[in-house]
Amino acid sequence: MSFSNEQKCAIEHINGPAIVLAGPGSGKTTVITHRILNLLQKGIPSEDILVITFTKDAAQEMETRFNKLLNETLTRSQAGHQITFGTFHSVFFFILRLRYHLSFKNIITDKNKILILRDLTEREHIDSSYDKDFFRLLLSEISKYKSMGDNASTFTSKLIESDKFNRIIKNYQAELKRERLLDFDDMLLLCYELFQREPAELKLWQEKFRYILVDEFQDISPVQYKIVRMLAEPENNLFIVGDDDQSIYRFRGAEPSIMLGFERDYPDAKRILLSNNYRSKREIVTFAKNVINHNKQRFRKDITAAKGPGGNTYYYRAEDPVKEYTQVVKNLTRELKSGTDPNQIAVLFRTEIIIQPLVSELTRARIPYVLKNKVKNIYESGTALDLISYIRLSIGKGTRADFLRIMNKPLRYISRKALDDRSMNFEKLKRFYNGQKTMQEHIERLQRDLMYMRNLPTVAAIIFIVKKIGYEDYLADSARENHINLENARAIIDEIETAARNIPDKEKWLNYIDDYSAELAKSQTGTGNGIRLMTFHSSKGLEFDIVHLIDINESIVPYSKAVSKEDIEEERRAFYVALTRARNDFHIYFTDRRYSKNCSPSRFIAEGLH
């Protein structure tokens, strides 16, 4: 196998720290596996080598690739090795298991995390029922808080007030300690504390792992870095591989500045740039390079397309998302008819919430697709369920549960006691409030609104609920009271409206929701034959012949919440990751209008063209 001079330099590096800047498609896994092989050939004992990755799948793939290389290179008697391949969590938990006699029973399950947090949020009078993803987001914030280590005091929750968040995390940790349980972040913190408190224990592991390789180093958190630095001492045979331009997990606690400051921490570190992209054609590499060059906080690097020219970049401007997705389906159909393997086509998007209308179009066009992400069913969100209940009630299909769901959205002061039987009857309801003029007016107004909606097409009925009945005001009040992001609910309403425009009959719309939910559940296996649908973030590490990037508009790419320079640079890196998945072609789609509002193409498109 032939290597470039840069790859040879990385492979043959033995002692001391080294930083390998490995851009997209630069063959970094090949470099890592061949460097390990070179260490063994130079006489380094296999048990002295530790290889750390960020995911279990990546660790398994790395070990599989290395074993294949080893079997091809050495004799059978030499093939056995004791190299440790693992994730940060698996390696550090192994250390804790031996020191504290822990077992996997000491790791808290996701279900139990939520049970504890549900109790703690109720104590703080936080209504978590408003957002189905509330606990997932809260756990993500807790994880980021812990990953910051000594700097955790600077963390600010975007979900709830700071004093409430601080009490919740304090009580959460107290409950874990009482039950002798750990979450994944505790493994890191506990390992760090162990090494600080017991130098003899640290020395034992330093002598065991004399050569440390870390893949995807750009995703490292402050606590992970501190532990790795401690382990690498005193020899500092620390070989890190990554691409600062692909650091896209700040929301999980990753800190891009760590990689940028590595040479400050290790002044004698050898820097090696893998500058050849062996994946993408020149046109794709040039566009992606133009985009990422607008970031200021990065290593400057010149990437070359080893495959040369011949790539295609396409741009589509549509009037609205409906026409945009029609064009996407048209292009996908043409590619499939030309014989392109559907598994070599990817449709990438910034967030899962915007994919629902396209999934519907693919289902109608009978185009096979596979969802890599666990895409949330938009119709299972609390906001969607409220709208569905209103629609059911308006066409006489509503149940008592539907009425209970919406009777105080907006607030009408209707008591559950007023519905004392299984059926929903407005006359009984009015009799319950006999003599109470204001309550009678509330009930009669709701009854008139539902009757008026009966003759409206679906999308008009939804707009009527949101604007005229006052559901939008209810959402705003709830968001303020519970410190929940109102934009998420508005985005859900916008997506539901877009899909509903094609189905004016409300009963058919309700049937469509059932069909869509069943189809979505079937496609969420992540395997099988079909076009790959996934977020920018989930596409990292993958590659395809053809990539379609949808909804590349301002406020989506970059995301509307990205306001600081650091946020915008992170958004640009995510777009760069998406672009560089393509080998031969990429298609970029954007619209002039979205949800009755004017919008503009993402600034990143213009950056790539110049």
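Residue indices begin at 1 and follow the sequence shown.
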Exercise. Identify whether the distance between the nearest side-chain nitrogen and carboxylate oxygen of Lys540 and Asp219 falls below 4.0 Å.
Key: yes
Quiz item: Going by atom types only, do Ser140 and Ser143 share a side-chain donor-acceptor pair under 3.5 Å?
Solution: no
Quiz prompt | For Pro342 against Leu336, the heavy-atom pair lying closest together | solution = CB-CD2, 3.7 Å
Show me, pair by pair, the donor-acceptor contacts under 3.5 angstrom made by side chains of residues 188-197, not counting sequence neighbours?
from   : atom 1 : to     : atom 2 : distance (Å)
Tyr192 : OH     : Gln196 : NE2    : 3.0
Arg197 : NH2    : Tyr100 : OH     : 2.5

Practice problem: Classify the side-chain pair His548/Glu335 by whether it contains a donor and acceptor separated by less than 3.5 Å. | Solution: yes
Quiz prompt | Side-chain heavy-atom pair Met187, Leu96 within 4.5 angstrom cut-off | solution = yes
Practice problem: Among Lys28, Arg298, Lys301, find the one that has a salt bridge (Lys or Arg N to Asp or Glu O under 4.0 Å) with Asp243. | Solution: Lys301
Quiz item: Can Lys144 and Asp185 be said to form a salt bridge (Lys or Arg N to Asp or Glu O under 4.0 Å), step by step?
Solution: CA-CA 9 Å; Lys144 184 169 184 179; Asp185 300 292; over 6 Å; no
Exercise. Verify the distance criterion only: is there a donor paired with an acceptor across the side chains of Tyr314 and Asn331 at less than 3.5 Å?
Key: no
Quiz item: So, is the end of the Arg532 side chain (NZ or CZ) under 6.0 Å from the ring centre of Tyr369 and within 45° of the ring's axis?
Solution: no
Exercise. Look at Arg250 together with Glu255 and state whether they make a salt bridge at an N to O cut-off of under 4.0 Å.
Key: no
Quiz item: At what distance, to the nearest 0.5 angstrom, does CD1 of Ile550 lie from CG of Leu533?
Solution: 7.5 Å
Quiz item: Do Arg99's NZ or CZ and the ring of Phe94 fall within the cation-pi criteria of under 6.0 Å and 45°?
Solution: no
Quiz item: Do Ser275 and Glu6 have side-chain atoms, one donor and one acceptor, less than 3.5 Å apart?
Solution: yes
Quiz prompt | Qualifying residue for side chain to side chain contact (heavy atoms under 4.5 Å, CB included) with Asn343, from Asn529, Asp545, Val370 | solution = Asn529
Quiz item: Centres of the His294 and Phe604 rings: under 6.0 Å?
Solution: no
Quiz item: With no hydrogens and no angle check, do the side chains of Arg210 and Asn237 hold a donor and an acceptor under 3.5 Å apart?
Solution: no
Quiz item: Aromatic rings Phe66 and Phe85: how do their planes relate, parallel, tilted or perpendicular, breaks at 30° and 60°?
Solution: tilted
Exercise. Say whether Glu216 and Gln218, considering side chains only, have a donor N or O and an acceptor N or O under 3.5 Å apart.
Key: yes
Quiz item: Does one side chain, of Glu141 or Ser157, offer a donor that lies under 3.5 Å from an acceptor on the other?
Solution: yes
Self-check item: Intermediate values then yes/no, salt bridge (Lys or Arg N to Asp or Glu O under 4.0 Å), Glu263 and Arg271
Solution: CA-CA 8 Å; Glu263 291 165 308; Arg271 184 197 291 192; 2.9 Å; yes
Quiz item: Do Ile284 and Asn277 come within less than 4.5 Å of each other through their side chains, counting heavy atoms only?
Solution: no
Quiz item: Side chains of Arg583 and Tyr278: is there a donor and an acceptor less than 3.5 Å apart?
Solution: no
Practice problem: Answer yes or no: is there a side-chain heavy-atom contact under 4.5 Å between Leu139 and Leu117? | Solution: yes
Quiz prompt | Residue pair Lys565 / Gln297, side-chain donor-acceptor N/O under 3.5 Å | solution = no
Self-check item: Polar contact flag, side-chain donor to acceptor under 3.5 angstrom, Tyr559-Asp567
Solution: no
Exercise. Take Val285 and Arg282, measure what side-chain contact (heavy atoms from CB on, under 4.5 Å) needs, and give me the verdict at the end.
Key: CA-CA 5 Å; Val285 171; Arg282 183 184 300 162; 5.6 Å; no
Quiz prompt | Pairing residues for Tyr145 by the ring-ring contact (aromatic ring centres under 6.0 Å, His included) criterion, not counting sequence neighbours | solution = Phe165
Quiz item: Rounded to the nearest 0.5 Å, what separation is found between the CZ atom of Phe544 and the CG atom of Asn584?
Solution: 13.0 Å
Quiz prompt | Lys/Arg-Asp/Glu bridge criterion (N-O < 4.0 Å) met for Arg279, Glu543 | solution = yes
Quiz item: Are the ring centres of Phe287 and Phe586 closer than 6.0 Å?
Solution: yes
Acceptor/donor pairs from residues 53-62 side chains to any protein atom, 3.5 angstrom cut, sequence neighbours excluded:
from  : atom 1 : to    : atom 2 : distance (Å)
Thr53 : OG1    : Thr55 : O      : 3.1
Thr53 : OG1    : Ala59 : N      : 3.2
Thr55 : OG1    : Ala58 : N      : 3.0

